[in-house]
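Reminder, nothing fancy here: chain letters follow the sequence lines and each chain counts from 1.
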Amino acid sequence: MADAQDVLSLCKRRGFLYPSFEIYGGVAGMYDYGPLGTALKNNIIEIWRRLYTLGEGFVEIDSETIGPEVVFKASGHVDEFADKMVKCKACEEPYRADHLVKDLHPNAGALGEKEIDDLIRSNNVVCPACGGELSTVEEFNLMFKTIIGPGSGRVGYMRPETAQGIFVNFPNLYRYNREKLPLGVIQVGRGYRNEISPRQGIIRLREFNMMECELFVDPEDKTWPRFGDVSSETLRLLANDGRELEITVGDAVEQGVICNQVLAYFMWFTQEFLKAVGVDGERLRFRQHEKEEMAHYAADCWDAESFLSYGWTEIVGIADRGCWDLSRHANFSGVEMTSFKRFDEPREVERDRIKPRYDKLGPMYKAKAGKIGKAMEEADPAAIADGAITVEVDGERIAIPGELFDVARVKEKVSGVRSVPHVIEPSHGLDRIIYTVLEHAYSQKDDQTVMRLSPTVAPIKVGVFPLMARDELDDMAMDLDQELRYGGIETYYDDSGSIGRRYARMDEVGTPFCITVDYRTREDGTVTLRERDTSSQIRVRFADVLNVVRAALCGADLTQFVVEE
RNA sequence: GCGGGCGUGGUGUAGCUGGUUAUCACUUAACCUUGCCAAGGUUAGAACUCGGGUUCGAAUCCCGGCGCCCGCACCA
């Protein structure tokens, strides 16, 4: 098993990762991607993006990373995403308020600020360190707070997830999708969480990269068109009833282990993505959240976890967020966040409706009459009690006596229903995926490090060397190098030191292939192609190189290109 | 955030009962050499985590900040 220190050390040495602001001593939970890390990250993003956009027909957006307070009020992050804190007035020591009173209440974690404050006052709880008086309870929110605009502008927050940028755009996107579900929207970007104690390299960052997908589906229909294609594929699950199972996607849904087809399909989809970028399938599983572990918005949630030197680590969360987000934004914004499902045929329904007698309402309720009438029309006749209907107008409940309305049987044509879509969210921690890919690729061969990165994600695809940096071998190698680069293949030209050292250097950064121009090249126009994991070589024609490399990067059989000895 | 451990070239380290120009290896660069897997030679570059204190003198002792590791807590 690779040691995290070794992996991180290599990452720094070879330009995958650098601790941020290192010359100033660094900041915990912040890392910069170096040249190779950035290339690796871009490659992973591109694979992910293509799977979702080209593969599933989803659309991609790019939204703001700062949002006004109301967005995160609605999302719940302002209230839920915070710890309650008190500080000692004497020594300034901060404490988790709910921890100080946990012996005074059976469920201290669930108490509000005021309740905890009352408990502290009535029980004379003092600072555990110095006995000083405690401040009132404050929230320590894990979001970074800022001000939008100069002076006392609006309060804003750095987004803790990219998801909200998609939710608040739902009406636009639904329209873009020509008012049809399902609607899949993806976004790649940064999120910010002011972690209390970030650790473990890039596993827990304060500023981190996410790839999120919000899939809006009909709440009544959580089937998926391509589900049949994958139902016999297997998943490794750890359910929250304690069961560990290898089970097919189809059986998991049938037996109710995974609650619906969409969720199950995207768990499989996630697994295929992760394997494609180089996560070891043997070190991958899906763990279902415990009921109390579930986020404030989630109805069901499975984490894809990879096994690292840190232990099992969440790298993707796949949640059924239900209608939570859209409902909340509808409430807070007053904008309708629904989809409209048209019936095949408009249906005629007969129903009773309340018809207000506006001629009598007017004189009685004056200015309010209009609003009251409207509320009455929307009220259900079944709610009539003792001959009167009670409606709520501007927060006031008013009982309207029977003589002010009639109940009439009406025929209505209904052409469909409005409902708030449910959201299935595969949310990827990109930095954690990158780290997993690096650690799973890390291997030792005869005391040397070989990064067995898959060709699709490797930052450098081909090392190009002249066997000797003379006798025109270097000129030929440089021509070859340029041809490959112009052909869209990332290369690395190297003519320094021994050939073995150059191979080793490429092995260490995960370059899958190396091409060497040697003396025979001058004679018969062939070069050697060396494969990283086996060190085996084949000889191919100089003129074929671009095609050979393209085939090799796809893992295709290369025998047709091999020149006999 | 708490408790414990630790910070020396790019990496890994020696020195740390204070005292010349801070040890060694790998790495990196240039040149020579080298006819396929980190060969060799010459030369060069490169470090005491930061700040304060004690002292004639601090990599070394003391205090604090920052960072890393382990445990607890936290983890949408």
request  = List for me each residue that meets side chain to side chain contact (heavy atoms under 4.5 Å, CB included) alongside A:Thr436, sequence neighbours excluded, and say none if there are none.
outcome  =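 For A:Thr436 the side chain to side chain contact (heavy atoms under 4.5 Å, CB included) partners, ignoring immediate neighbours, are A:Val279, A:Ser306, A:Leu308, A:Ile315, A:His440.
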message = Can you list everything that forms a side chain to side chain contact (heavy atoms under 4.5 Å, CB included) with A:Ser9? Sequence neighbours excluded, please.
response =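 Testing A:Ser9 for side chain to side chain contact (heavy atoms under 4.5 Å, CB included), a comparison that skips the adjacent residues, returns A:Arg13.
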message = Please report the interatomic distance CG(A:Asp32) to CG(A:Leu17), rounded to the nearest 0.5 Å.
response =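 Spacing of CG (A:Asp32) from CG (A:Leu17) equals 9.0 Å.
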ask   = CZ/A:Arg14 to CE/A:Met451 distance, rounded to the nearest 0.5 angstrom?
value =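 Answer for the CZ-CE pair, A:Arg14 versus A:Met451, is 10.5 Å.
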task = Report the residues that fulfil ring pair (Phe, Tyr, Trp, His ring centres under 6.0 Å) with A:Tyr435, sequence neighbours left out, ordered by chain and then residue number.
result =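 For A:Tyr435 the ring pair (Phe, Tyr, Trp, His ring centres under 6.0 Å) partners, ignoring immediate neighbours, are A:Tyr310.
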Contacts of A:Phe167 that satisfy ring pair (Phe, Tyr, Trp, His ring centres under 6.0 Å) - sequence neighbours left out =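 Listed in chain order: nothing, the list is empty.
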inquiry  = Using a heavy-atom cut-off of 4.0 Å across all strands, would you classify A:Gly201 as base, sugar-phosphate, or nothing?
reply    =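 The answer is sugar-phosphate, as A:Gly201 gets under 4.0 Å only of primed atoms, P, OP1 or OP2.
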ask   = If you draw a 6.0 Å radius around CD in A:Glu472, do more than 12 non-hydrogen atoms from other residues or ligands fall strictly inside?
value =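 Check fails, neighbour count at 12 or below.
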task = Quote, to the nearest angstrom, the P distance that separates B:A14 from B:C24.
result =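 Going atom to atom, P in each nucleotide, I get 14 Å.
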query = Within the structure, does a side-chain N or O atom of A:Lys12 lie under 4.0 Å from either OP1 or OP2 of B:U11?
reply =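 Answer is yes, contact under 4.0 Å.
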key: Any A:Arg505 side-chain nitrogen or oxygen under 4.0 Å from OP1 or OP2 of B:U28   =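 For B:U28, OP1 or OP2 has a side-chain N or O of A:Arg505 closer than 4.0 Å.
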Rounded interatomic separation in angstrom, taking CD1 from A:Ile23 and P from B:G67 =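 These atoms are roughly 16 Å apart.
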key: Aromatic contact, A:Phe269 with A:Tyr52 (centres under 6.0 Å)   =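 Ring centroids of A:Phe269 and A:Tyr52 are less than 6.0 Å from each other.
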query = For RNA chain B, which residues in residues 31-40 of chain A have a heavy atom at a distance below 4.0 Å?
reply =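 Going residue by residue through residues 31-40 of chain A, none turns out to have a heavy atom under 4.0 Å of RNA chain B.
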ask   = Any N or O donor-acceptor pair linking the side chain of A:Tyr24 to the base of B:C66 at under 3.5 Å?
value =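 There is none.
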inquiry  = Given B:U34, B:C72, B:C37, identify the nucleotide with an atom nearest to the side chain of A:Arg530.
reply    =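 The listed nucleotide nearest to A:Arg530's side chain is B:C37.
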task = Identify which nucleotide among B:C68, B:C74, B:G10 has an atom closest to any side-chain atom of A:Arg204, counting heavy atoms from C-beta outward.
result =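 For the A:Arg204 side chain, the nearest candidate turns out to be B:C74.
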ask   = Which letter, B, S or -, goes with each nucleotide of nucleotides 39-49 of chain B from 5' to 3', with contact meaning a protein heavy atom under 4.0 Å?
value = B----------
